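So the structure is just underneath, and the comments pick up after that.
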Amino acid sequence: MADTIAAISSAPGEAGIGIVKISGPACKDIMKKLMVSFPETIEPRHAYLSRVSRDASSPDSEIIDEALFIYMQAPNSYTGEDVLEIQAHGSNVALKSILQAVLDSGIEDVRMAEPGEFTKLAFLNGKMDLSQAEAVIDIINAKSDLSLSIAESQSAGRLGDTIRDIRDTLLDILAEMAVNIDYPEEDEDEIGGDGFFSDDDDNGIVGQLRWVLSDVQTLMETASIGRIAREGIRVVIAGKPNAGKSSLMNALLGEGRVIVTDVPGTTRDTVEESVSINGVPIVLVDTAGLRTTDDKVEKIGIERTEKAMASADLIILVLDGSQDLDDKDDTVLGYIEKMNSEHLLVVINKDDLGRSVSEEEVRAKLPQATIVRTSLIEKGVPEAVKLVSNAVRDMYDLGSINAKEMNIITNERHMRMLRNAEMNLDEAISMIQSGEPLEVAELSVHYAYDSLGKIIGEEVGEEVLNTVFSKFCLGK
Ligand SMILES: Nc1nc2c(ncn2[C@@H]2O[C@H](COP(=O)(O)OP(=O)(O)OP(=O)(O)O)[C@@H](O)[C@H]2O)c(=O)[nH]1
Ligand SMILES: [Mg+2]
């Protein structure tokens, strides 16, 4: 008989409630063993309240807690097996004791679950495809509304459906290719003559493969948004010493994370923090003010600033608008011009102290930049958040993305498989065009079909499954 697996599914720590989850054929036996008030009949998906004992059949057995028992009958459960959820008080001690009571129940083949094993069972029992199982981890790990929406859509099966559609088309193409391999002389009558191999006929094999290729590439193009959802937009705050960089960083984080003083050169190292601003994940990097210096520590800090700027998705240049631009500003502007960054926001700060820097002179030096004027002291947090969220919205056009209604590739494994498919489809197309035997091209189309299948978990080996499910936490 299959094993019955058990784990604490809620997060460690104290909480209102906590859940011990069990999957496998022994669920009902475990209920009988633990429930002091064992109901006469157990209806699936009904909640039964009972005190929990290590051995309900023995009146002297210790009572651990009081809990709700919910039984879900195979195949109508998360794993596809019988599942039992014991919802107890969220005390580490109580939950561990309940889990231990389950493991010590003496019922055969009951053991601790491995990390991700519930979801692995769900996949193996056909409850979800592999891309859906991977989305479960993404939902658990989601750090922003954007990543959650993407994961939600993938978990609902949207990506899987798209991949299955593309594969169905490839199967049709493979069938047509097979006919032509078996009966090449019947080409003209069966398929419509030259059209079959022709380039410019959308209905020919090449045309059809091109359609599939473009579907694959459309998916691949979404990976840049996927990267933003996964890693966040890297926003690097740069500028000369004392301009107000750390003040901006703190305003965006909503806390006094970085030291702010009126001493130029306060920040000497890059400081990195993740935030979600209006649902968009952002990695903020505060930097050491750029200037020429003989100070050893500050020099290293400045080298790091340059590196950080090179890796930025968006650079925010902070200027002290109350003083004329000087050679220190010119040093920074020089760096930025060299970077040639297309995503650039210039914040002319310290507006409360007067206006010595004009927007025109900044625009003359950095024509591509979005330029705004503010006082972080006077307008503080709301202004800072507005500046950055507007800049991000305009530069990345995330407003037009409806993550729930489209596929967005966030997963490196999926991307690899799409790249394989793209390469094989490309190959197949050029082979047919250069008149190579159809058998060879057919093989490439097969490879593309298999690569796409791996995204949804078809023909993946144990090794891939282990890698995927090792990323899960215990109890999921
Ligand atoms: N009046 C005024 N002062 C500001 C404004 N923004 C920041 N400051 C002050 O300017 C000083 C420098 O601010 P920081 O945020 O430490 O500047 P920084 O660019 O991080 O400086 P370094 O870390 O030295 O490179 C502090 O005393 C801030 O309080 C502003 O809008 N108006
Ligand atoms: Mg600073």
Side-chain angles (χ1 to χ4, degrees), residues 234-275 277 282-312 314-336 339 341 344-359 362 366 369-391:
R234 255 185 109 70
V235 175
V236 174
I237 307 174
K240 74 173 174 186
N242 227 25
K245 299 181 293 299
S246 301
S247 304
L248 177 61
M249 173 89 166
N250 285 340
L252 292 169
L253 293 174
E255 55 179 303
R257 167 71 181 83
V258 198
I259 300 171
V260 170
T261 75
D262 55 3
V263 181
T266 304
T267 309
R268 296 189 153 211
D269 201 350
T270 50
V271 180
E272 218 176 286
E273 288 288 340
S274 300
V275 276
I277 296 180
I282 289 181
V283 180
L284 285 173
V285 187
D286 184 20
T287 63
L290 286 165
R291 63 173 168 182
T292 26
T293 175
D294 290 330
D295 184 298
K296 224 163 126 187
V297 179
E298 201 176 346
K299 259 191 177 156
I300 298 173
I302 289 173
E303 276 170 31
R304 293 196 177 166
T305 301
E306 288 173 42
K307 266 205 196 124
M309 283 167 68
S311 72
L314 164 66
I315 296 178
I316 303 183
L317 168 62
V318 184
L319 298 173
D320 179 346
S322 68
Q323 292 174 358
D324 292 338
L325 293 179
D326 57 17
D327 52 345
K328 288 191 224 101
D329 289 303
D330 284 338
T331 313
V332 184
L333 289 167
Y335 276 119
I336 290 182
M339 300 281 159
S341 162
L344 180 60
L345 170 68
V346 179
V347 176
I348 308 179
N349 189 30
K350 305 199 186 184
D351 204 31
D352 54 304
L353 298 180
R355 295 189 173 178
S356 298
V357 176
S358 74
E359 290 170 38
V362 177
L366 301 170
T370 304
I371 303 168
V372 290
R373 190 188 281 283
T374 191
S375 160
L376 288 171
I377 290 266
E378 261 182 13
K379 299 188 180 164
V381 178
E383 178 78 358
V385 171
K386 193 181 88 192
L387 291 181
V388 174
S389 60
N390 285 353

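The shown structure was predicted, so the numbers you read here are calculated from the model rather than taken from an experiment. As the structure lists them, so they are numbered: ligands from 1, and atoms in each ligand from 1.
Residues Val260 and Thr266 are not in side-chain contact: their nearest non-hydrogen atoms beyond the backbone lie 4.5 Å or more apart. Looking at Glu272 and Val283, their side chains come closer than 4.5 Å, going by heavy atoms from C-beta outward. The closest side-chain heavy-atom distance from Ile259 to Thr261 is below 4.5 Å. Side chains of Glu273 and Met249 form a contact here, defined as non-hydrogen atoms less than 4.5 Å apart. Leu366 places a side-chain heavy atom less than 4.5 Å from the side chain of Leu317. Using a 4.5 Å heavy-atom threshold, the side chains of Glu378 and Asp351 count as separate. Taking the side chain as every heavy atom from C-beta outward, Thr267 and Val258 approach each other to under 4.5 Å. Side-chain contact between Arg373 and Arg355 is present, with heavy atoms from C-beta onward closer than 4.5 Å.
Less than 2.8 Å away from the Mg ion (ligand 2), the protein contributes these N/O/S atoms: Ser246 OG, Thr267 OG1.
Annotation: the span from Asn349 atom CG to Leu376 atom CG amounts to 4.0 Å, rounded to 0.5 Å.
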When you pair each N or O of ligand 1 with protein N or O atoms, which pairs come out under 3.5 Å?
{"unit_1": "ligand 1", "atom_1": "1 (N)", "unit_2": "Asp352", "atom_2": "OD2", "d": "2.8"}
{"unit_1": "ligand 1", "atom_1": "6 (N)", "unit_2": "Asn349", "atom_2": "ND2", "d": "3.0"}
{"unit_1": "ligand 1", "atom_1": "10 (O)", "unit_2": "Lys350", "atom_2": "NZ", "d": "3.1"}
{"unit_1": "ligand 1", "atom_1": "15 (O)", "unit_2": "Ser246", "atom_2": "N", "d": "3.3"}
{"unit_1": "ligand 1", "atom_1": "15 (O)", "unit_2": "Ser247", "atom_2": "N", "d": "2.8"}
{"unit_1": "ligand 1", "atom_1": "15 (O)", "unit_2": "Ser247", "atom_2": "OG", "d": "2.6"}
{"unit_1": "ligand 1", "atom_1": "16 (O)", "unit_2": "Thr261", "atom_2": "O", "d": "3.4"}
{"unit_1": "ligand 1", "atom_1": "17 (O)", "unit_2": "Gly244", "atom_2": "N", "d": "3.1"}
{"unit_1": "ligand 1", "atom_1": "19 (O)", "unit_2": "Ala243", "atom_2": "N", "d": "3.2"}
{"unit_1": "ligand 1", "atom_1": "19 (O)", "unit_2": "Gly244", "atom_2": "N", "d": "2.9"}
{"unit_1": "ligand 1", "atom_1": "19 (O)", "unit_2": "Lys245", "atom_2": "N", "d": "2.8"}
{"unit_1": "ligand 1", "atom_1": "19 (O)", "unit_2": "Lys245", "atom_2": "NZ", "d": "2.8"}
{"unit_1": "ligand 1", "atom_1": "20 (O)", "unit_2": "Ser246", "atom_2": "N", "d": "2.9"}
{"unit_1": "ligand 1", "atom_1": "20 (O)", "unit_2": "Ser246", "atom_2": "OG", "d": "2.8"}
{"unit_1": "ligand 1", "atom_1": "21 (O)", "unit_2": "Asn242", "atom_2": "N", "d": "2.9"}
{"unit_1": "ligand 1", "atom_1": "23 (O)", "unit_2": "Thr267", "atom_2": "N", "d": "2.9"}
{"unit_1": "ligand 1", "atom_1": "23 (O)", "unit_2": "Thr267", "atom_2": "OG1", "d": "2.8"}
{"unit_1": "ligand 1", "atom_1": "24 (O)", "unit_2": "Gly265", "atom_2": "N", "d": "2.7"}
{"unit_1": "ligand 1", "atom_1": "24 (O)", "unit_2": "Thr266", "atom_2": "N", "d": "2.8"}
{"unit_1": "ligand 1", "atom_1": "25 (O)", "unit_2": "Lys245", "atom_2": "NZ", "d": "2.8"}
{"unit_1": "ligand 1", "atom_1": "25 (O)", "unit_2": "Gly289", "atom_2": "N", "d": "3.4"}
{"unit_1": "ligand 1", "atom_1": "31 (O)", "unit_2": "Asn349", "atom_2": "OD1", "d": "3.0"}
{"unit_1": "ligand 1", "atom_1": "31 (O)", "unit_2": "Lys350", "atom_2": "N", "d": "3.4"}
{"unit_1": "ligand 1", "atom_1": "31 (O)", "unit_2": "Ser375", "atom_2": "OG", "d": "3.3"}
{"unit_1": "ligand 1", "atom_1": "31 (O)", "unit_2": "Leu376", "atom_2": "N", "d": "2.9"}
{"unit_1": "ligand 1", "atom_1": "31 (O)", "unit_2": "Ile377", "atom_2": "N", "d": "3.2"}
{"unit_1": "ligand 1", "atom_1": "32 (N)", "unit_2": "Asp352", "atom_2": "OD1", "d": "2.8"}
{"unit_1": "ligand 1", "atom_1": "32 (N)", "unit_2": "Asp352", "atom_2": "OD2", "d": "3.4"}

